[in-house]
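Reviewing the structure listed below.
In listed order, ligands and their atoms are each counted from 1.
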Amino acid sequence: MLASQMYSPTLREVPADAEVVSHQLMLRAGFIRRIGAGIYTYLPLAWRTLRKIEAIVREEMDAVGGQEILMPIVQPAEIWQETGRWNVYGEEMFRLTDRHQRHFCLAPTHEELVTTLVKADVTSYKQVPLTLYQIQNKYRDEVRPRFGLMRSREFIMKDAYSFHTDTDSLAKTYQDMYDAYSRIFTRCGLYFRPVEADSGAIGGSGSHEFMVLAQSGEAAVVHCSQCDYAANLEVAIPTAVPVNPTEPAGELEEVATPGMNTIQALVDGLQIPVIQTIKAVAYAAGETVVLVMVPGDAEVNEVHVAGLFGEVELPPASEEALHALGFAPGYMSPVGIAPSDNLVVLVDPTVMNMNDAVCGANRKDVHYRHVSPQRDFKNVRVESVRLLHETDGCPHCGGKVSIDRGIEVGQVFKLGTKYSEALGATVLDADGKSVPLIMGCYGVGVSRTMAASIEQNHDDDGIIWPAAIAPYEVVVVPANAKDEVQFAAARELYDDLSAAGVETVLDDRRERAGIKFKDADLIGYPLRVTVGKHFAEDGQVELKVRKTGVVETLPPTAVVERVRELLREL
Ligand code: ATP
Ligand code: MG
């Protein structure tokens with residue numbers, strides 16, 4: 001490819017709306033362009049990298065027995081209504097209506113469609129195990145599309161689905177997929193960690209997420225330094241502290257707290273340590289109000305709380321519902337609240353062990369002090385409901401844990417029979433009995449993986465592609481394109497490298513050398529060969545490794561060999 005003809009419009013300025021480095025660099029280096037919130041065109045460089053990631057994914061899926069298909073993106077509402085997810089997906093689903101007023105969606109995922117597909121043709125246990133996969137656009141109307149390709153509304157996913165009649169077979173495919181995912185992300189040059197994950201959203205009995213560790217990650221990952229425990233913070237439940245009898249520190253007393261409707265305002269206003277405060281957060285589980293009490297410096301584990309009610313997510317309780325039960329938002333606690341069928345109060349065990357705390361008095365601008373939850377909280381359920389903190393230690397071994405940010409690039413699930421039962425996907429087993437298919441599903445965010453790779457592989461000058469997914473492997477730069485000797489030597493090197501199967505760009509633009517070097521660093525070619533002013537004197541060219549900055553000089557005849565050697569290592 002000649003740089004003069006390549007459609008990779010670079011930008012000198014960082015666009016203001018691009019918050020994370022992968023987004024900034026993909027815009028600046030001419031990889032992507034935005035057409036609407038979370039909707040992008042992949043320009044040639046991005047598309048080459050994406051196709052390389054896809055090729056790696058295909059190879060690894062085929063290696064574990066996957067068969068590639070391509071399912072429709074536009075899907076009829078009926079199959080989604082049968083599993084109940086037409087409603088569950090809510091506003092995240094892009095919906096459309098055809099000319100006959102029939103309802104459709106743009107698929108956010110394909111469990112419904114693949115189960116409907118398989119149900120028609122797979123009728124006997126002899127036809128399974130079966131693993132089907134595809135690589136295709138998915139559509140999710142995310143509340144907050146952001147970070148470029150990391151959280152977009154149209155994105156490329158590899159999704160695979162497996163079908164079984166026994167759980168051992170599912171366990172084997174699950175493990176094969178887990179191993180294949182580890183190979184995929186390793187081959188993409190990523191530093192990642194598989195972690196235990198919540199499977200609430202999709203249903204099922206077991207799940208792992210593959211997390212790329214990076215500051216910009218939207219997920220939090222806990223891992224232990226002493227055992228192999230690693231989990232999404234959402235499923236890391238702090239080891240339950242026993243609730244010990246505590247002596248109340250004094251009589252319950254009202255204190256005026258005008259406008260102090262947040263923990264911070266309370267701490268500042270009363271001049272008390274935050275560990276003396278109790279935080280109340282209220283959710284709605286259908287008609288039921290769920291009041292959650294955690295220490296003032298802790299956060300509610302919302303995924304875990306929702307899971308206790310068989311839900312994926314609980315919306316905040318409405319003000320009307322709270323008032324009806326006697327609560328004053330901003331000043332809530334279970335103290336003095338009458339029991340109701342419409343109320344569940346969940347109290348973290350660490351709160352139950354406090355004995356001189358401050359919590360809301362259920363009247364605006366008033367709190368209680370000297371609160372002893374064991375004495376003062378009636379009709380409550382003690383439940384570990386806060387997010388784990390580093391000081392809690394490992395839920396498995398008590399060892400030291402650390403919490404890092406992670407980007408979820410893939411997830412594997414043991415689904416069980418949720419979709420096959422809802423859609424009537426049954427087969428006859430060896431005894432001639434009709435049984436629902438047991439399923440697994442396995443997703444890789446292909447476009448997110450490209451972004452995650454940049455998050456982990458870049459410096460101040462630009463992207464540093466791992467060779468396996470670089471759009472091109474080498475750029476050849478004649479420092480002075482007007483110098484005919486230099487240009488001819490560069491052209492020859494370019495031809496030799498291309499003939500040897502190395503994916504090469506010749507920067508034939510009549511630009512200053514400095515600009516070409518800047519662009520080469522920005523785009524992130526793993527290797528750069530420069531034919532410079534020394535060439536005329538000593539016949540040597542320069543070979544620079546983008547990742548290490550190491551430069552070697554060598555004669556042009558040695559370049560192909562050395563490039564091949566280096567590419568194997570990068
Ligand atoms: P998240 O929790 O980040 O919203 P998810 O758990 O809903 O993701 P899955 O349904 O597990 O996502 O989809 C499989 C993979 O698709 C994810 O692991 C992720 O890599 C990718 N993915 C999901 N949503 C998006 C998105 N909005 N933009 C880009 N990639 C995405
Ligand atoms: Mg997921």
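The pair E59-R183 fails the salt-bridge criterion, with no side-chain N (NZ, NE, NH1 or NH2) lying under 4.0 Å from an Asp/Glu carboxylate O. In summary, K400 and E390 do not engage in a salt bridge, as defined by a charged side-chain N under 4.0 Å from a carboxylate O.
Counted by atom type alone, E111 and T109 present one or more donor-acceptor pairs between their side chains at under 3.5 Å.
To the nearest 0.5 Å, the span separating CD1 on I454 from CG on L25 amounts to 6.5 Å. H223 contributes atom NE2, which lies 12.5 Å from atom CG of D228 (distance to the nearest 0.5 angstrom).
In summary, the atoms of ligand 1 found under 4.0 Å from a heavy atom of E142, numbered by their order in the structure, are 24 (N), 26 (C), 27 (N). Close approach of ligand 1 to G410 (heavy-atom distance below 4.0 Å) involves ligand atoms 18 (O).
At a cut-off of 2.8 Å, E408 coordinates the Mg ion (ligand 2) through an N, O or S atom.
If you look at R151 next to ligand 1, the close heavy atoms, those under 4.0 Å, come from the backbone and the side chain alike. Counting heavy atoms under 4.0 Å from ligand 1, residue M150 touches it through the backbone alone.
In this structure, L149 counts as a contact residue of ligand 1, since one of its heavy atoms falls inside 4.0 Å of the ligand. Ligand 1 lies within reach of V409, whose nearest heavy atom is under 4.0 Å from it. Between S447 and ligand 1 there is no heavy-atom distance shorter than 4.0 Å.
Of the candidates E92, M211, M157, R140, the one placing a heavy atom closest to atom 23 (C) of ligand 1 is R140. The nearest non-hydrogen atom to atom 11 (O) of ligand 1, considering only K138, E234, Q411, R448, comes from Q411.
For the side-chain contact (heavy atoms from CB on, under 4.5 Å) with Y283, the qualifying choice from V300, V344, T288 is V300, the only one to do so.
With a 6.0 Å radius and a threshold of 12 heavy atoms from other residues, nucleotides or ligands, E68 has its CD atom above the threshold.
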